[in-house]
Number of protein chains: 2
Amino acid sequence: MAKRISTKDKILNAAELLFAEHGYEQTSLRQITTAADVNLASVNYHFGSKKSLIQAVMARYLEVFMPALANQLSAVQVRPQLSTREVFDCFREPLRSLSQVRRGGPTIFMSLLGFAYAEIQGHLRRYILEHYGDIVQLLMAVLHQANPKLSPVDMFWRLHFVLGATVFTQVSGPALREIAAADFGEHLAADEVVDRLIPFLAGGVDAAPL
Amino acid sequence: MAKRISTKDKILNAAELLFAEHGYEQTSLRQITTAADVNLASVNYHFGSKKSLIQAVMARYLEVFMPALANQLSAVQVRPQLSTREVFDCFREPLRSLSQVRRGGPTIFMSLLGFAYAEIQGHLRRYILEHYGDIVQLLMAVLHQANPKLSPVDMFWRLHFVLGATVFTQVSGPALREIAAADFGEHLAADEVVDRLIPFLAGGVDAAPL
DNA sequence: CTAAATTTTAAACATGCGTTTTAATCTATA
DNA sequence: TATAGATTAAAACGCATGTTTAAAATTTAG
């Protein structure tokens, strides 16, 4: 009774797992099509190129994540007093909602985001600004509202420091969790790393500039 | 009167520039040997493999940076009251001292470090721990001294958040500086980005854990 | 049911990579 | 200067990649 999965979706499902684990450049079309149990040429037939496949993989998550984030930010925007911490907490629910896309979706998305920023720097930023520019601006506005003393330039840089710490944590996450488990006996799930990350980020953004 | 530059050094000089700009995987031996005006086979003759070349490039900087950092940390260690900020400031002079290695050395080193961590995660960490493990431990000790309330696990994670923000900033640095210049009219040098980064990092490390 | 369109398949293509080989050339020493 | 050793040079090797081709199979429509 299970509905037949289209070749296109089989490719997307296999690709996002491999991309999230090994990155984009390190994942070959042959790995993907083998894992998807699909012919090699079908990637180019359905998506045109590897680059387009990468975009399609990211798009499937951004379509869910971005509107959910916009909702959270809008809801929080009306609050009279707003802390940086509260703004970052806006990311939690949209991230969790990615479980709808697939089991383990939140972790997969974070890894994809990390690799996307690390490997294809310009492209993703351009894509996000093009498709979700208004949401990015909303985020900037809310962050400024929470931290009015910070100049726009300072906020710009700190937002990217935040992104850097987040992205790096995700990309190096598995290795670091392993080390932490070995050295401190505490084995953390990916979500718990985020729990430790958010106070750090909020503290950084709230720091006095200079 | 200029002393003849050895093939080995010509390769190192060309390689570190290309690595710093495009990363390791994205830089081919042919690009390097062409830029160095040297035969393709000479890389394998002098270094054995591309991986060994990468290591040699990093080693040349670490040999200068790490002892200088150790000096700074030792000097600061004796202070009765020590702030996180002061610990991070320990990185400034060793970083600047890399100008000795070559003009623009500080920026090159930071980029190399960024790509090294982003692309060959495990290897660099292993190399540093193996060759400079004592200095890493000194850093941990001094950081703990500055922030005794933080548990070792928390410190471990925050140190890697710091690394992430730093590394990412360096890898994406050129693109971000360009955007900042276009959007805010402020063109920052790479060093000035570090000036903005350090307060952020200190604020993050000093944040109350939850 | 048949014809047209879509999709799948296997094979080859073109390219770029790190590395190896083998011979030529340079360099230092006796 | 003659010779042994170190270095450079050109070419090719073996392999993996993304992509294209052209025929076969399947699905869709009339």
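Lettering follows sequence order; numbering is per chain, from 1. Small disclaimer: the values here were computed from a predicted structure and weren't measured.
Salt bridge absent: A:Arg158 and A:Asp154 never bring a charged side-chain N and a carboxylate O closer than 4.0 Å. Between A:Glu186 and A:Arg196 a salt bridge is recorded (basic side-chain N to carboxylate O distance below 4.0 Å).
The nearest whole Å value for the distance from the CG atom in A:Asn44 to the P atom in C:dA14 is 16 Å. Rounded to whole Å, atom P of C:dT8 lies 9 Å from atom CG of A:Asn39. Rounded to an integer number of Å, the gap from A:Asp37 CG to C:dT8 C1' is 12 Å. Rounded to a whole Å, the CD atom of A:Glu25 is 14 Å from the C1' atom of C:dC17. Rounded to whole angstrom, the span from the CG atom of A:Asp9 across to the P atom of C:dT7 amounts to 13 Å. Atom P of nucleotide C:dG16 and atom NE2 of B:His22 are separated by 16 Å, given to the nearest angstrom. For the pair A:Leu40 CG and C:dA10 P, the computed distance is 11 Å after rounding to whole Å.
The backbone N or O of A:Ser52 lies less than 3.5 Å from a partner atom in the side chain of A:Ser49, making a donor-acceptor pair. Formation of a donor-acceptor pair under 3.5 Å by the B:Asn13 side chain with backbone atoms of B:Asp9 is found in this model.
The shortest non-hydrogen separation linking A:Ala36 to A:Lys10 is CB-O, 3.4 Å. The shortest heavy-atom contact between B:Phe200 and B:Ala165 is CE2-CB, 4.4 Å.
Projected onto DNA chain C by closest heavy-atom contact, A:Ser42 and A:Arg30 fall at different nucleotides, the more 5' of which corresponds to A:Ser42. Judged by closest nucleotide on DNA chain D, A:Ser28 is the one of A:Ser28 and A:Ala41 placed further toward the 5' end. Map B:Tyr45 and A:Tyr45 each onto its nearest nucleotide of DNA chain C; the residue landing nearer the 5' end is A:Tyr45.
The aromatic rings of A:Phe65 and A:Phe91 sit tilted relative to each other, their planes meeting at an angle between 30° and 60°.
With a heavy-atom cut-off of 4.0 Å to chain B, the contacted part of DNA chain D has its first and last nucleotide at D:dA6 to D:dA12.
In this structure, B:Leu176 CG and A:His160 NE2 are separated by 4.5 Å, a value rounded to the nearest 0.5 Å. Atoms NE2 and CG, on B:His144 and B:Leu139 in that order, are 13.0 Å from each other to the nearest 0.5 Å.
Across residues 46-53 of chain B, B:Ser49, B:Lys50 each have a non-hydrogen atom less than 4.0 Å from an atom of DNA chain C (numbered order).
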